[in-house]
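These notes are about the structure you will find just below.
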Amino acid sequence: MKVESVRGMRDILPEETPLWQKLEAEIRAAFALYGYGEIRVPLVERVELFSRGVGEETEVVDKQMYVFPDRKGLQLALRPEATASVVRAYVEHGLHAKGDLAKLSYLGAMFRYEKPQLGRQRQFHQYGVEAIGSLDPALDAEVMDVSAYLMEKLGLDRRGLTLRLNTIGCRQDREPYREALRLHFLPRASQLCPDCQRRLVGNPLRILDCKRPQCQSAIMAAPKSSDYVCEACQGHFHQVQDYVKALDIRFELDHTLVRGLDYYTRTVFELCSRDLGAQDALLGGGRYDDLVELLGGPATPAIGFAGGMERLVLLLEPPETQQERGGVPLDVYVIPVGDDQHSRSMAASILMRLRRARLVSDAEYKGRSLRKAMQVASNRAHFVVLVGPDELAEGKAKAKDLITGVPFEVEFHWFSDAEALRGFFQREISPHAARGQPSDPEHEKPPL
RNA sequence: GGGAGCGUAGCUCAGUUGGCAGAGCACCACGCUGUGGCCGUGGCGGUCGCGGGUUCAAGUCCCGUCGCUCCUCCCA
């Protein structure tokens, strides 16, 4: 019976993992450079963490969350995002009591039950930071700067990226602004799309987010949140902008940017790429000054962002994925010749010794003909070592440098001396590079 | 959630008005018996996504379903 993967969940095959590993390394390095320590929180949490933290009314919680009871009937959820979990951990472990600003980073799988498409899977991966314990607008700018730094390090073209910035005010500002929006949209309700007519009742903020043409004129004329927030929030927002400018980050104000999660306050931002199609948000974040208190901690301001790994992979994936299909580039390929057990045991032993000498090695396990095995060796390895009855009789293995074509022999006793062994197979240049520019033109290969 | 397109060999794809399921690449063997890259010959490989229906006959037409892709939506 063939069992297939679950919709929206995909495998990352060895050809692709090097890119993922590189991204993960860059992300961790950037976060560490900015002073964020990695936290690893569970993939599974109690449902109420998200329904209360992220918001019952949000699409993420209401429509997209994986929810299931455990064996005792406790309602659990696969995390749809990480901020709520990180804040839960912050409160649970009393990190606030340590007095310092908590700067935490994470990288891992999230789950949302959505219609999959390019750049959007049901299991996907997010990286992000949370800085909990300060209202300093310089910190808002710092969080944006980590992401800017990361994009630079990944070599993403600035011109393809847009940072959008807005403020949605604090808790106290929210209701007056909602009222203002209701007042604005109510007379125009008939020209809004059905979705927005519904939003008008429940969450008028989300109308600003609507992309439908019929709603645009009403949205353009809508009151701006930045005009409705209190003096303190206005001041904060202006300072954030000053800092962001000081850090040389290009941005545009977008008063329709409201974000989909309920916990956001004051600063919100989003980085989009024009090279991503419909799913163009690379990362997004903002302040959540009430969340710690909401989840049972002391009133503590905080800010963070999260980015999607899959979308970075899309932007960075080389157009021609037809890479080395042979797998890991090898230093040595060992071919046992003949099928007598003695030769095969010697070959196995030699392979083990090569690896103890830190030479990346593999052997012919598929029983291919010698000719075929040599072909495989030349595609995958720098050196080949042959072990068969003849070699056993002579007490030495036959070997060949597959780049220069120069054959040589290795006495068996050398294999037990790791340092000497490395000497035999010294590589001045990596097999990869070497294959691009062979020293002997006679053995030049066609370009890969 | 709404709309559209596409599912044929491991991969990329042909397949005519319904009439024996194909090519290239890859893989394997041999030419060349224990020494790679080139060339040649042959071979392996398919529930035509799945399930129904129409038909003497379905990869092809119809219905359903699953998956992928795109738009919309949402967002990472």
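Sequence lines set the chain letters: A, B, ... in the order given, protein chains first and strands last, and positions in each chain run from 1.
Once rounded to the nearest 0.5 Å, the distance linking CZ of A:Arg46 with CZ of A:Arg52 reads 10.5 Å. Taken from OG1 in A:Thr267 to CZ in A:Phe237, the straight-line distance is 7.0 Å, to the nearest 0.5 Å. For the atom pair A:Thr83 OG1 and A:Phe305 CZ, the distance stands at 10.5 Å (nearest 0.5 Å).
Using a 4.0 Å heavy-atom distance criterion, A:Arg371 is classed as a base contact. At the heavy-atom level, A:Arg122 lies nowhere under 4.0 Å from the strands shown. Counting any heavy atom pair closer than 4.0 Å across all strands shown, A:Glu4 reaches no nucleic acid atom. Counting any heavy atom pair closer than 4.0 Å across all strands shown, A:Leu282 reaches sugar-phosphate atoms only and no base atom. A:Gly119 comes within 4.0 angstrom of a nucleotide base, judged by non-hydrogen atoms across all strands. Within 4.0 Å (heavy atoms only), A:Gly8 reaches sugar-phosphate atoms of the nucleic acid but no base atom. Among the heavy atoms of the strands lying under 4.0 Å from A:Pro389 is at least one base atom, whether or not backbone atoms are also near. Using a 4.0 Å heavy-atom distance criterion, A:Asp195 is classed as making no nucleic acid contact. Among the heavy atoms of the strands lying under 4.0 Å from A:Ala306 are primed sugar atoms or P, OP1, OP2 only; no base atom is included.
With C1' as the reference atom, B:C38 and B:A76 are 50 Å apart, rounded to whole Å. Nucleotides B:A9 and B:U54 place their C1' atoms 29 Å apart, quoted to the nearest Å. The same atom, P, is picked in B:G49 and in B:G15; the two are 15 Å apart, to the nearest Å. Using atom C1' as the reference point in both B:G51 and B:C27, the two lie 33 Å apart (nearest Å). The separation of B:U8 from B:G45, taken at their C1' atoms, amounts to 14 Å, rounded to a whole angstrom. Comparing B:G59 with B:G53, their P atoms sit 15 Å apart, to the nearest whole Å. Taking atom C1' in both B:C20 and B:C63, the straight-line distance is 28 Å, to the nearest Å. With both ends at atom P, the span from B:A23 to B:C66 equals 35 Å, rounded to whole Å.
A donor-acceptor contact under 3.5 Å is not formed by the side chain of A:Arg120 with the base of B:A76. Judged by distance alone, with hydrogens and angles left aside, A:Arg206 brings no side-chain donor or acceptor close enough to the base of B:C73 to form a pair under 3.5 Å. Judged by distance alone with a 3.5 Å cut-off, no donor-acceptor contact links the side chain of A:Arg368 to the base of B:C27. You won't find any donor-acceptor pair under 3.5 Å spanning the side chain of A:Arg212 and the base of B:C73, going by distance alone. On a pure distance criterion of 3.5 Å, a polar donor-acceptor pair joins the side chain of A:Asp280 and the base of B:C75. A donor N or O paired with an acceptor N or O is found under 3.5 Å between the base of B:G36 and the side-chain atoms of A:Lys400.
Side-chain atoms of A:Arg7 lie closest to B:C68 of the nucleotides B:U35, B:C68, B:A76. In this structure, the nucleotide among B:A76, B:C68, B:G3 sitting nearest to the side chain of A:Lys115 is B:G3.
B:C27: Watson-Crick or G-U partner is B:G43, with both key distances under 3.5 Å. The pairing partner recorded for B:C50 is B:G64, the criterion being a Watson-Crick or G-U wobble arrangement whose two distances lie under 3.5 angstrom. In this entry B:C75 has no Watson-Crick or G-U wobble partner, no candidate having both defining distances under 3.5 Å. Pairing for B:A4 goes to B:U69, judged as Watson-Crick or G-U wobble with the two contacts each under 3.5 Å. Pairing of B:U55, defined by two Watson-Crick or G-U wobble distances under 3.5 Å, is not identified with any nucleotide. Pair check for B:A21 finds none; no Watson-Crick or G-U wobble contact set falls under 3.5 Å.
Rounded to whole angstrom, the span from the NZ atom of A:Lys63 across to the P atom of B:U72 amounts to 18 Å. Spacing between atom NZ of A:Lys372 and atom C1' of B:C30 amounts to 12 Å, rounded to whole angstrom units. Spacing between atom NE2 of A:His382 and atom C1' of B:G36 amounts to 14 Å, rounded to whole angstrom units. Computed from coordinates, the A:Glu114 CD to B:U72 P distance equals 15 Å when rounded to whole Å. One atom, CD of A:Glu364, and another, P of B:G36, lie 14 Å apart when rounded to the nearest Å. What separates CD of A:Gln117 from C1' of B:G5 is a distance of 14 Å, to the nearest Å. Computed from coordinates, the A:Leu118 CG to B:C70 C1' distance equals 9 Å when rounded to whole Å. In this structure, A:Tyr113 atom OH and B:C74 atom C1' are separated by 16 Å, rounded to whole Å.
Mapping A:Gly388 and A:Lys211 onto RNA chain B by nearest heavy atom places A:Gly388 at the nucleotide closer to the 5' end. Projected onto RNA chain B by closest heavy-atom contact, A:Gly367 and A:Val387 fall at different nucleotides, the more 5' of which corresponds to A:Gly367.
A:Arg28 has no carboxylate O lying under 4.0 Å from a charged side-chain N of A:Glu26, or vice versa, which leaves the two without a salt bridge. Under 4.0 Å is where a charged nitrogen must lie from a carboxylate oxygen, and between A:Arg122 and A:Glu114 no such pair does.
At B:G37, none of the side-chain N or O atoms of A:Ser378 fall inside 4.0 Å of OP1 or OP2 (strictly under the cut-off). For A:Arg259, a side-chain nitrogen or oxygen approaches OP1 or OP2 of B:A76 to under 4.0 Å. The shortest distance between the side-chain N/O atoms of A:Arg79 and the OP1/OP2 oxygens of B:A76 is not below 4.0 Å.
The environment of A:Trp414 atom CH2 is sparse: at most 12 non-hydrogen atoms of other residues, nucleotides or ligands sit within 6.0 angstrom. No more than 12 heavy atoms of other residues, nucleotides or ligands shown are found within 6.0 angstrom of CD on A:Glu57.
For the 3.5 Å distance criterion, the side chains of A:Ser105 and A:Glu38 fail to qualify, holding no donor opposite an acceptor. In this structure, a donor-acceptor pair under 3.5 Å is absent between the side chains of A:Thr17 and A:Gln21.
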